[in-house]
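Report on the structure given below.
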Amino acid sequence: MKIKSANFIKSATSPEHYPRDGRPEIAFIGRSNVGKSSLLNSLLGVRGLARTSSTPGRTQLINFFLVNDKFYFVDLPGYGYARAPVEVKKHWGPMAEKYLATRQDLVLSIVITDLRHEPTELDLLMKEWLEARGKPFIIVATKADKLSSNQLRANLSRTSAVLDTKAIVAYSAVTRSGADRLWKEITSRVAHRGAQVAD
Ligand code: GTP
Ligand code: MG
């Protein structure tokens, strides 16, 4: 996928702030600090486009990034951060859930886990929630560069067992391994929606 342009468009907390141009959207979801924003940046090859941080809770709003003038990447705040301020916790659920449940333009959710750690109950709930609603999703286990190839294999099968699916892409925002597979999935979902995606 050739990236001709990638721009931050806006942040939103509720539907009246979402873009209204009908372009397809790909959402990045997962626990706080798993590497959602880093994945988004590395797919686009633009460092620092979505803000990243080693402290959980960096992304607190729904952020829309327009890619090649054709589709949006949507960076969502992370869930399950125990030490998040009460106000943040109170708003994450309704804000992100409303987006995921109602957004007609959403063509693919990328559910991100940290390959080093066993997925949590919340990750499983998220996957089952998407499945039950017939929302297309793909699981990406990131930070693969932090593991040896033996560990990588073992952790991939553990992630696969816990989340009860074989459809998992191992990824690294550092080496970009897994990017081609992910782009294939993204472009096919966008094309399916009827948009013209030029390579
Ligand atoms: P919140 O917005 O706070 O929910 O976090 P996030 O899921 O967007 O995570 P973010 O992209 O900010 O990354 C969290 C930390 O993990 C940062 O220090 C990143 O540099 C690091 N990180 C993310 N992806 C990778 C990866 O593939 N490999 C390595 N080595 N580090 C990564
Ligand atoms: Mg983030």
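For this chain, numbers begin at 1 and follow the sequence in order. Whatever order the structure lists them in is the order used to number ligands and atoms, beginning at 1. No experiment lies behind these values; they were computed from the predicted model shown.
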- [ ] Counting heavy atoms only, name the option from Val34, Asp114, Thr175, Asp145 that's nearest to atom 26 (C) of ligand 1.
- [x] Asp145
TODO: Ignoring angles and geometry beyond distance, decide whether Ala144 reaches within less than 3.5 Å of ligand 1 through its nitrogen or oxygen atoms.
DONE: no
Task: Short side-chain to backbone donor-acceptor contact, Asp114 and Val34, under 3.5 Å - done: no
Task: Any side-chain donor near an acceptor of the partner, Tyr171 and Ser42, under 3.5 Å - done: yes
- [ ] Using a strict 4.0 Å cut-off to heavy atoms of Lys36, name the atoms of ligand 1 that fall inside it.
- [x] 1 (P), 4 (O), 5 (O), 6 (P), 7 (O), 8 (O), 9 (O), 11 (O)
- [ ] Write down the atom of Lys36, the atom of Asp75, and the distance for their closest heavy-atom approach.
- [x] CB-OD1, 3.9 Å
Open item on the list: Just to check, does Pro77 reach to within less than 4.0 Å of ligand 1 when the distance is taken from its heavy atoms?
Closed with: no
Open item on the list: Taking distance alone, with N or O pairs closer than 3.5 Å, would you say Ser37 contacts ligand 1?
Closed with: yes
Task: Heteroatom N/O/S of Ser37 within less than 2.8 Å of the Mg ion (ligand 2) - done: yes
Open item on the list: Is there a polar contact, in the sense of an N or O pair closer than 3.5 Å, between Ser38 and ligand 1?
Closed with: yes
Open item on the list: Side chains of Tyr72 and Asp21 only: does a donor on one sit below 3.5 Å from an acceptor on the other?
Closed with: yes
TODO: Mark up the atoms of ligand 1 that fall under 4.0 Å of a heavy atom belonging to Gly78, in ascending order.
DONE: 4 (O)
Open item on the list: Please list, in number order, the atoms of ligand 1 under 4.0 Å from a heavy atom of Asn33.
Closed with: 1 (P), 3 (O), 4 (O), 5 (O), 6 (P), 7 (O), 9 (O), 14 (C), 15 (C)
Task: Set of residues satisfying ring-ring contact (aromatic ring centres under 6.0 Å, His included) with respect to Phe137, sequence neighbours excluded - done: none
Open item on the list: Main chain of Val107, side chain of Arg193: is a donor-acceptor contact present, judged purely on distance under 3.5 Å?
Closed with: no
Open item on the list: Heavy atoms only: which of Lys143, Arg116, Arg51 lies closest to atom 16 (O) of ligand 1?
Closed with: Lys143
- [ ] Output the list of atoms in ligand 1 that are nearer than 4.0 Å to some heavy atom of Thr142, sorted by atom number.
- [x] 27 (O)
Open item on the list: Taking 4.0 angstrom as the limit and counting only heavy atoms of Ser54, give me the atoms of ligand 1 inside it, by number and element.
Closed with: 18 (O)
- [ ] Could you tell me whether Arg31 and Asp123 have a side-chain N and a carboxylate O separated by less than 4.0 Å?
- [x] yes
Task: For Trp183, ring-ring contact (aromatic ring centres under 6.0 Å, His included) partners two or more places apart - done: Phe73
